[in-house]
2 protein chains.
Amino acid sequence: MDRRQKRTRRAIFDAFCSLLERKRYDHITVQDIIDEADVGRTTFYSHFETKDLLLDALCEELFCHIFEHDSCPFSGNDNDLEGKLSHILWHIRDSKKDIGVLISDSSDLFMGYFKRHLRAIFELHIDSFHINVPKDFLLNHLVGSFSDTVRWWMREGMKTPPERVAGYFMQMTEKH
Amino acid sequence: MDRRQKRTRRAIFDAFCSLLERKRYDHITVQDIIDEADVGRTTFYSHFETKDLLLDALCEELFCHIFEHDSCPFSGNDNDLEGKLSHILWHIRDSKKDIGVLISDSSDLFMGYFKRHLRAIFELHIDSFHINVPKDFLLNHLVGSFSDTVRWWMREGMKTPPERVAGYFMQMTEKH
DNA sequence: TTCGTTAAAGAACATTTTGTTCTGTAATTA
DNA sequence: TAATTACAGAACAAAATGTTCTTTAACGAA
């Protein structure tokens, strides 16, 4: 990839995140982004067809980091759901600004991505829950409540240690 | 209130809901709304300052119906959380289109209102949960998971009876 | 019914945003 | 060094925004 392309892409991502700290997603215009990133209008459109696709690309980039299972103190065995959740929380806390900005944004666009990835994880562990409710209800409940837990945790400034948050969450759901 | 005002307000609300069935909230323009409602541009702006405030007003109107506690087969005693949740689900199913459209919209603006009201209800019952997690964590978890349950239920076409959904939900959270 | 009030339509407007097309420049890679 | 390609900048038509004005007609109260 051309160095210039990488540089421009980075500038646009940074500008976008910076704007998200101050403005709601749907109030940010392409004009805002190119002003903040200081790139030409044509340059923006040659990289991203629309603002929504810019968000897509940014989410894609950030999620590689959150959901990869290497180089993490909690990447224990595959049956350790609590460990996996801790892992996710660790990564979110590490990649300070960017992800926080997206998660706390009131428009729910980012959460869709987050939930999609979460669903895949919970699906692997769904059989360890012994409770008499439909599987799809349970799965939805787990994904929804965990993503809201993350949101709560970030709003509170991520003061509670990741492992403890994961612990709270498991207490709410397991061993009925 | 002037009959003309009521008529116009209704037309704008209807147009807005109708558009939300087809388009995402942040892709809907004021122009779309006035075209669909067939009202003048000045008329729109004399009623609502911005598109966001139109959403505010609509949410306000819809929530009067959902969260009022009269005339409902499930309005049992005040300690009956499951009954209250059933109540809410009944009202959502009754007011067919409008609320469904708002809840299923991918932008999370409506959900903010919904959660705020839900929080008030769960707060009244928070002491009946005997579990060793912080109160604010628990409250957030309940509000988040129930609102996602509603969303799931609507996505599935509200086939499951309200009482059963409320039952599933209580199973997930009570009697640890 | 009459009459003062007021909501709404419509036109016109400046401004901003959008998305595209062009040309010239300069950074990059081979 | 030479060919390539990303970018800036300008210019553009189209759409959306938000405001101001005038005219029409529906309204509620007497």
Side-chain angles (χ1 to χ4, degrees), chain A residues 1-61 101-102 105-110, chain B residues 1-61 64 98 101-102 105-110:
Chain A
M1 197 182 193
D2 197 310
R3 253 183 277 159
R4 290 169 295 180
Q5 280 191 54
K6 270 193 285 189
R7 204 194 130 278
T8 301
R9 202 180 156 86
R10 189 73 264 145
I12 292 175
F13 277 162
D14 288 346
F16 187 46
C17 287
S18 167
L19 284 164
L20 274 168
E21 285 177 31
R22 287 170 270 149
K23 255 180 171 177
R24 220 173 62 192
Y25 173 78
D26 60 319
H27 286 170
I28 296 172
T29 64
V30 174
Q31 192 64 47
D32 289 334
I33 299 169
I34 65 183
D35 286 346
E36 179 83 16
D38 195 32
V39 297
R41 162 174 235 63
T42 36
T43 307
F44 177 89
Y45 283 109
S46 74
H47 277 262
F48 307 101
E49 218 170 312
T50 63
K51 199 182 63 168
D52 285 342
L53 291 175
L54 163 60
L55 180 67
D56 280 13
L58 181 58
C59 288
E60 208 54 45
E61 185 174 277
V101 152
L102 286 174
D105 179 60
S106 57
S107 57
D108 204 23
L109 297 160
F110 169 85
Chain B
M1 197 182 193
D2 198 309
R3 255 181 275 158
R4 289 169 296 182
Q5 280 190 54
K6 270 193 284 188
R7 206 193 128 277
T8 300
R9 204 179 155 85
R10 188 74 265 144
I12 292 175
F13 277 163
D14 288 346
F16 187 46
C17 286
S18 166
L19 283 164
L20 274 167
E21 286 177 32
R22 286 170 271 149
K23 255 180 168 174
R24 220 174 61 193
Y25 172 77
D26 61 319
H27 284 7
I28 295 174
T29 66
V30 174
Q31 193 64 49
D32 290 334
I33 299 169
I34 65 182
D35 285 347
E36 179 82 16
D38 195 31
V39 296
R41 168 178 266 346
T42 36
T43 306
F44 177 89
Y45 282 109
S46 74
H47 277 264
F48 307 100
E49 219 170 312
T50 63
K51 199 181 62 167
D52 284 342
L53 291 176
L54 163 61
L55 180 67
D56 280 13
L58 181 59
C59 288
E60 209 54 46
E61 184 173 277
C64 299
D98 296 350
V101 153
L102 285 172
D105 180 60
S106 57
S107 58
D108 205 23
L109 298 161
F110 170 85

Open item on the list: If the helix axis at each end comes from five base pairs, how far does the helix from dT1(C)-dA30(D) to dA30(C)-dT1(D) deviate from straight, to 10°?
Closed with: 50°
Open item on the list: Distance under 4.0 Å to a non-hydrogen atom of chain B counts as contact; along DNA chain D, which nucleotides mark the start and end?
Closed with: dA16(D) to dG28(D)
- [ ] Only counting residues at least two apart or in another chain, list the ones meeting side-chain hydrogen bond (donor to acceptor under 3.5 Å, both in side chains) with S46(A).
- [x] none
Open item on the list: Under the rule for side-chain hydrogen bond (donor to acceptor under 3.5 Å, both in side chains), what residues qualify as partners of H27(A), not counting sequence neighbours?
Closed with: R24(A), D52(B)
- [ ] Go through the structure and list residues passing side-chain contact (heavy atoms from CB on, under 4.5 Å) with T43(A), not counting sequence neighbours.
- [x] T8(A), V39(A), H47(A)
Open item on the list: Run the side-chain contact (heavy atoms from CB on, under 4.5 Å) test on Y45(A) and V30(A) for me, step by step, so that the C-alpha distance in whole Å, both residues' side-chain angles and the decisive distance to 0.1 Å come before the verdict.
Closed with: CA-CA 9 Å; Y45(A) 283 109; V30(A) 174; 3.8 Å; yes
TODO: Measure from the side-chain N and O atoms of K51(B) to the backbone N and O of I28(B), and report whether any donor-acceptor pair falls under 3.5 Å.
DONE: yes
- [ ] Return the residues of residues 30-39 of chain B meeting this criterion: a heavy atom under 4.0 Å from some atom of DNA chain C. Order them by number, or give none.
- [x] D38(B), V39(B)
TODO: May I ask you to list the residues of residues 43-60 of chain A, by number, that have any heavy atom positioned under 4.0 Å from an atom of DNA chain D?
DONE: T43(A), H47(A)
TODO: With sequence neighbours excluded, tell me which residues meet side-chain hydrogen bond (donor to acceptor under 3.5 Å, both in side chains) with R41(A).
DONE: Q31(A)
TODO: For DNA chain C, find the residues of residues 4-18 of chain B with a heavy-atom distance under 4.0 Å and give them by number; none if there aren't any.
DONE: R4(B), Q5(B), T8(B)
Task: Side-chain donor or acceptor of D14(B) paired with backbone N/O of A11(B) under 3.5 Å - done: no
- [ ] Name all residues meeting the side-chain hydrogen bond (donor to acceptor under 3.5 Å, both in side chains) criterion together with S18(B); count only those two or more places apart in sequence or in a different chain, and write none if there are none.
- [x] R22(B), E36(B)
- [ ] Can you check whether any acceptor in the base of dG19(C) is under 3.5 Å from a donor in the side chain of R41(A), or vice versa?
- [x] yes
TODO: Mark yes when over 12 heavy atoms from residues, nucleotides or ligands other than E61(B) sit less than 6.0 Å from its CD; otherwise mark no.
DONE: yes
Open item on the list: Tell me every residue that passes ring pair (Phe, Tyr, Trp, His ring centres under 6.0 Å) with Y25(A), counting only those two or more places apart in sequence or in another chain.
Closed with: none
Open item on the list: Looking at L53(A), is its backbone amide N or carbonyl O close enough to the side chain of D56(A) to form a donor-acceptor pair, meaning the two atoms are under 3.5 Å apart?
Closed with: no
Task: Which residues share a side-chain contact (heavy atoms from CB on, under 4.5 Å) with R7(A), sequence neighbours left out - done: none
Task: CG on L19(B) to CG on D32(B), rounded to 0.5 Å - done: 5.5 Å
- [ ] State the CD1-CG distance between I33(B) and L20(B), to the nearest 0.5 angstrom.
- [x] 8.5 Å
Task: Chi angles and distances behind the side-chain contact (heavy atoms from CB on, under 4.5 Å) call for L54(B), F44(B) - done: CA-CA 10 Å; L54(B) 163 61; F44(B) 177 89; 4.0 Å; yes
